[in-house]
Amino acid sequence: MMLQIRNLHASVGGMEILRGLDLDVRAGEVHAIMGPNGSGKSTLAQVLVGRETYDVTGEVLYEGRNLLAMSPEQRAVEGVFLAFQYPVEIPGVGNLYFIRTALNMMRKQRGLDELDAMDFLALAKERMKFVEMDQSFMNRSVNTGFSGGETKRNEILQMAVLEPKLAILDETDSGLDIDALRIVANGVNALRSKERALLVITHYQRLLNYIVPDRVHVMANGRIVRSGDKHLALELEKNGYADFEQDTAGGARSAAGVTS
Amino acid sequence: MSRRENTLLQGLSRLESRRNGHDPVWLKAFRHTALQRVSERGFPTAKDEAWKYTQIGRILDVAFEPAEADASLRLSSAAIDQLAGDLGGARLVFINGYFSPQCSSLKKLPEGVKVKSLASALAEEGESLEALLSRPFGEQTHAFTALNAACAEDGAFVQIPANTVIEEPIHLVFLSDPGAAFPAGPVVSHPRSLVLAGPGSRVTIVETYAGILDEVYLTNAVTEVILEEGAAVEHYKIQNETETAFHIALLDVRQERDTQFATHSVALGSLLARHEVTVGLHGPGAKATLNGLYMPQNEQHLDNPTTIDHIAPECISRELYKGVVDGRGRGVFDGRVIVRPGAMKTDSSQTNKNLLLSESARANTRPQLEIFADDVKCAHGATVGQLNEEVVFYLRTRGISQIAARNLLTYAFVGEMLELIRVQPLRSHVEKLVALRLSAGGVGMVAA
């Protein structure tokens, strides 16, 4: 098992956002997490990459090791990656330099040789094709003055270069027009492999037409309330989330009975 | 005069006797007037607006002796490269304020160009310098400037004839070597430099101030730059004294019609430093650019007062100062822009940004606009902030350690200032100094 989440709770400022979440993800699988706004999807993503603003309890095992005990940079070195919903701008730091620094810091931690500028450029150029980016992106400051679509493509480019084992995509489809969505999805699909697991967080079913999931989970009020195969996403598209929100508000149904 | 103030003046009588016979009559009279001014006005206190943030008690407490010229002091050119960088052009080296011909290299320069020590200029053509050197002091002149006038014996003298262009930078290196100086103990040097850019001429001047040993010393420097019609001067000042030193300096610039002056100040060294820049825009169409980077750490206090005086109409001034403050350091920016009556169509902008890296770091920023003319465009802005923790977190999720992330972002903040340095070997030298400074806190982060 690549990722095992048991009874995960997370709160911020006394407000509980995750309320006992369980999830299992195997290598090679693509899991979609869907749910209404405020259900805790993004919090789950942030907690998994080590955001320190949350009080977290419960257990998260990543390749059998305690993920919650690792620093954000350690998790990255171990192969956990998040494509941010809102990637930050970093004026003054060139995109190429940033990604090379990230890759080389990880390689160093893993006991590998650092890539020199030429080798890195060759790698970056190859991976840029995945997301149809041209080199002008690389010379600009990270995400500075990028359009919404460009920041999302830049996240997938980083993923393509850093080659994580567990990649979490947080609403990567939000704010994308249909062309950008296709490009981003193609980039993600190119990275699907037996060794890699993907956790795709999305509000809409639309993205899942392009990135076809093995499992679909519905999140509401901080828990996974239902799991199924890709057909569940279509059902949600038709009927909306209203049923699930009512269910959990009453505390009638728990995740236990329906997870895989 | 208080007893404390005597300490800086006590060496003067010895200086005077040593100098007897050298100075022309006018200079003697001028020094006398300057000294009187020191006595009358006294050294600045916290009550002086312009010295509000910079208290100089620590300087006045030290019994400084004036440094003396010592021809036996030598440094290899490799050692000087290390301290100041090798910029490829003419290099004048001053040790404890006195010209060292042995350490200097004067390349062949175009005909009529004069690059030499002020002492030899005074000896060779003293009378012609009278009008330049004995300019009456303005209202703002403080005791340190007056003291420099009273005491200065040497410095650089650069004169570029009309329509002459010098491509390679002229490097003025002021090294303090208190360990080798006579008399033993804390010494003060008073370098005085003069740059005269003739009509239509173009030149780049780099001033580097550096110390050799971690001992207490004081550099009290005055540099004057005069640009005649259509001249363009690019000026750099790298202040990298040892962290035990005091550094008080004035760069005074006079610009005539259609001149272009740019200065870039990088302040890294000294326990306490105050690098003042005053620019007078006397002719229409003149443009002044003032850039500055100051990076106090530990207990350092780095003050950067600037005054841009728009006297003539249709002049442009651009000012960008950035401070990175770490440890218990303190950075000060005090930027005055004056637009005199009649200076219509003035276009001025001023920006000061400060980055605080520690809980105890402090920055004071004081932009001051004094506008007495209509139809002017003046903008200014100042910020004091910390590293964006959102961005630090983003970098950490990419495997970049917290320390490296902070260094990377700090370097990005500073990078804008480094890119403004157009003399390539100087930029490389400063990049190295800055990277060294930032890596002192953790993992090294070098420029892309």
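Every chain is numbered from 1 and lettered A, B, ... according to where its sequence line falls, protein lines coming before strand lines.
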Exercise for the section: With rounding to the nearest 0.5 Å, note down the distance linking CZ in B:R396 to CZ in A:R51. Expected result: 10.5 Å
Handout entry: Inter-residue atom distance B:R398.CZ - A:Q158.CD, 0.5 Å rounding
Key = 4.5 Å
Exercise for the section: Using the six-membered ring wherever Trp is involved, compare the ring planes of A:F98 and B:Y394 and label them parallel, tilted or perpendicular (cut-offs 30° and 60°). Expected result: parallel
Specify which of [options] makes the most heavy-atom pairs with chain B at under 4.5 Å.
options: A:I90, A:L162, A:L103; result: A:I90
options: A:S71, A:P72, A:G50, A:S141; result: A:P72
options: A:E78, A:Q74, A:M106; result: A:M106

Handout entry: Which atoms of B:E419 approach chain A - backbone, side chain, both or neither, heavy atom under 4.5 Å
Key = neither
If you draw a 6.0 Å radius around [atom1] in [X], do more than 12 non-hydrogen atoms from other residues or ligands fall strictly inside?
X: A:D116; atom1: CG; value: yes
X: B:E299; atom1: CD; value: yes
X: A:R192; atom1: CZ; value: yes
X: A:R110; atom1: CZ; value: yes
X: B:R422; atom1: CZ; value: no
X: B:R366; atom1: CZ; value: yes
X: B:K322; atom1: NZ; value: yes

Problem - Evaluation steps, side-chain contact (heavy atoms from CB on, under 4.5 Å), between A:F84 and B:T397 - result: CA-CA 10 Å; A:F84 279 67; B:T397 67; 3.5 Å; yes
Practice task
Provide the closest heavy-atom pair for B:F393 versus A:Q46 in the form atom of the first, atom of the second, distance.
Solution key: CE2-OE1, 3.6 Å
Handout entry: Shortest non-hydrogen contact from A:M105 toward B:A404
Key = CE-CB, 3.4 Å
Practice task
Would you sort out whether A:E52 and B:E389 count as a side-chain contact (heavy atoms from CB on, under 4.5 Å), showing the intermediate values?
Solution key: CA-CA 11 Å; A:E52 283 151 346; B:E389 289 304 325; over 6 Å; no
Completion exercise
Bottom line for A:P91: the part with an atom under 4.5 Å from chain B's heavy atoms is backbone
Practice task
Go through the steps for A:V88 and B:V391 under the test side-chain contact (heavy atoms from CB on, under 4.5 Å), then give the verdict.
Solution key: CA-CA 6 Å; A:V88 294; B:V391 180; 4.0 Å; yes
